[in-house]
Amino acid sequence: MLEAQKYIYETRLPQSEYALTLPYEFEYYGSAYQGPDNEDSETEIYIPIELI
């Protein structure tokens with residue numbers, strides 16, 4: 001998960017036309033989450049952004 005967050009905040013977001021609107025994110029661990037060590041595990045990350 002840390003790799004995904006690092007990519008979002010350090011690479012993807014700075015290169016996009018979007019900016020953060022709030023200083024936090026929301027992570028959802030639903031029924032597809034099978035644990036941190038399972039490669040098939042799924043987590044949703046919600047980041048509040050706006051078009052700049």
| message | Is it true that, when you exclude E17 itself, more than 12 heavy atoms of the residues, nucleotides or ligands shown sit nearer than 6.0 Å to its CD? | response | no

| task | Over 60° means perpendicular and under 30° means parallel, so classify the ring planes of Y29 and Y33, tilted if in between. | result | perpendicular

| Got T43 and Y28 here, is their nearest side-chain heavy-atom distance under 4.5 Å? | no

| task | Give a yes-or-no answer on whether the side chains of Y7 and Q5 include a donor-acceptor pair shorter than 3.5 Å. | result | no

| said: Minimum heavy-atom separation for I8 and P14, please, with both atom names. | reply: O-CD, 4.0 Å

| said: Can you confirm whether L20 sits close enough to Y9 that some side-chain heavy atom of one is under 4.5 Å from a side-chain heavy atom of the other? | reply: yes

| field | Path from L51 to I49 over hydrophobic side-chain contacts below 4.5 Å | value | yes

| Counting only N and O atoms by type, is there a donor-acceptor contact under 3.5 Å from the side chain of T21 to the main-chain atoms of P48? | yes

| query | Which heavy atom in I47 sits nearest to a heavy atom in I45, and how many Å separate them? | reply | CG1-CG2, 3.8 Å

